[in-house]
Every structure is written in structure tokens, then in C-alpha cells.
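All remarks here apply to the structure that follows.
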Amino acid sequence: MAARAGLAAWLLAAVVALALPQAAAAVPLVGKDGRIHACYRVKGKPKGMLRAVHGSKARCHKGERKVSWLVAGVTGASGANGAPGAAGQPGGAGTDTATLETRIGALTQRVEALEKTLAGVSNAQLLGALADVKALCTQTSALTGQVDALGSALGGLELGGLIPVGLELLVPALPAALPAFACP
């Protein structure tokens, strides 16, 4: 019988030990008064530690002080309206929709014309044409230099005895030196 009583006591202790943490966890933190109640340590170690307690009637330990606060605070009064702000800077002149649509239409036509022009042209062909333009640009720079040299040479030459009378009016005046040619 003593063994049974010991086993029953042990079983009862186990049930109580298992039931207490679950019962404590099941109790809501917010009391019926809509407040959270806690005790915080004002003396000893660890000072400032906060321990939640259940309900307003719970007692704090030695060295603790009881505190509580509302879960939802009271709505405060509305504040006064603020002063109006300074006026902003004026915006720039806008472009109306019709003007923009006209511009977009013109650009679309130009893009379509360019696409028709380039239809069927490969990258290799474009690169070849670019090389040809660079070569022409170089030749044009050299030609400008030669024309300027010829103009300088002819500028000091008297043509009066070489041109028959009456034809000198047909000979144009020699141009001044050409401006330097710059390739794009």
C-alpha cells in the first residue's frame, strides 16, 4: 500500500508539474481591466528587470515595484491647424498634348524612312561604308591643302599676256584660301 501511495504521489506531482506551465501560458497577459500588470526590480540584481504578472491583485516580490499600463491609450484631443506654407515656385511653360503628338508623329515618320533606307543593309556593309567615308575625308583634307597651294602659286602670276583681249572677263577671280577641312 505504501508503494501505491508513493506512486500516486509521484504521479500527482508529475501531473501538477506538467499542468502548471500550460495553465500559466493559457492566462492572457492583458487583465480584465484592459491593463498589463508587471513588477520591476528596484533593488538587488538584476536591477530594472521586468516581470509580467496576471491581474491587478498579484503581489510583487521584495525589492520589486508594481506597475501597469493600458493596452490601448485614450485618444487625445485634435491639435490646431498649422500655418499655411509658402507658395511654391511657378512651373515652366508646358507643352500641350497636340504639339507633342505632332512631334511624335514627325519622329515616327523619320524613323520609318530610315528603316526603309537601311532595310537589307548588313553590319558588314555599314562598316565598309564607314571605312570609305574615312578614306574620303582624309583625301578631302589633302585636296584642300593642294587647292590652297595652287591658289598661292597663281596669285602672283600675271595673266594679262596669256589671255586674249575680251576673255579676261570670263576668268573668275581666285578664291581666298579654303577653310581647313575637318572630318566628322
Side-chain angles (χ1 to χ4, degrees), residues 21-22 24-31 34-38 40 46 48-52 67-184:
Q22 291 173 352
V27 175
L29 188 59
V30 180
R35 300 177 79 79
I36 296 174
H37 298 275
Y40 77 96
M49 185 179 89
L50 185 69
R51 179 176 58 89
V67 293
S68 68
W69 57 93
L70 287 172
V71 173
V74 179
T75 303
S78 296
N81 288 336
Q89 295 184 3
T95 305
D96 62 19
T97 306
T99 303
L100 290 175
E101 288 174 352
T102 303
R103 287 182 183 174
I104 290 171
L107 287 173
T108 302
Q109 289 175 351
R110 291 176 69 184
V111 168
E112 289 171 354
L114 184 59
E115 286 175 342
K116 286 179 184 176
T117 302
L118 294 176
V121 177
S122 68
N123 281 345
Q125 291 170 325
L126 286 174
L127 290 174
L130 184 59
D132 292 343
V133 168
K134 285 181 181 179
L136 286 173
C137 187
T138 303
Q139 291 173 4
T140 304
S141 294
L143 183 61
T144 300
Q146 290 175 356
V147 167
D148 287 342
L150 181 62
S152 295
L154 292 178
L157 183 63
E158 274 298 322
L159 298 176
L162 299 173
I163 301 175
V165 176
L167 289 180
E168 58 267 332
L169 296 177
L170 300 176
V171 176
L174 292 174
L178 296 174
F181 184 81
C183 294

In residues 67-94, what donor-acceptor pairs under 3.5 Å come from side-chain atoms, sequence neighbours left out?
unit_1 : atom_1 : unit_2 : atom_2 : d
Ser68  : OG     : Arg35  : NE     : 3.1
Ser68  : OG     : Arg35  : NH2    : 3.3

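Within a 6.0 Å sphere centred on CZ of Arg51, heavy atoms belonging to other residues, nucleotides or ligands number more than 12.
Here CG of Leu143 is found 11.0 Å from CG of Leu136. Values are rounded to the nearest 0.5 Å. Between the CG atom in Leu107 and the OG1 atom in Thr102 there is a gap of 11.0 Å [rounded to 0.5 Å].
Using a 4.5 Å heavy-atom threshold, the side chains of Arg110 and Leu114 count as separate.
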(request) Before giving the answer on side chain to side chain contact (heavy atoms under 4.5 Å, CB included), spell out for Lys134 and Leu130 the whole-Å C-alpha distance, their side-chain angles and the decisive distance to 0.1 Å. (result) CA-CA 6 Å; Lys134 285 181 181 179; Leu130 184 59; 4.3 Å; yes
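The side chain to side chain donor-acceptor pair (under 3.5 Å) check on Asn123 picks up nothing, with sequence neighbours excluded.
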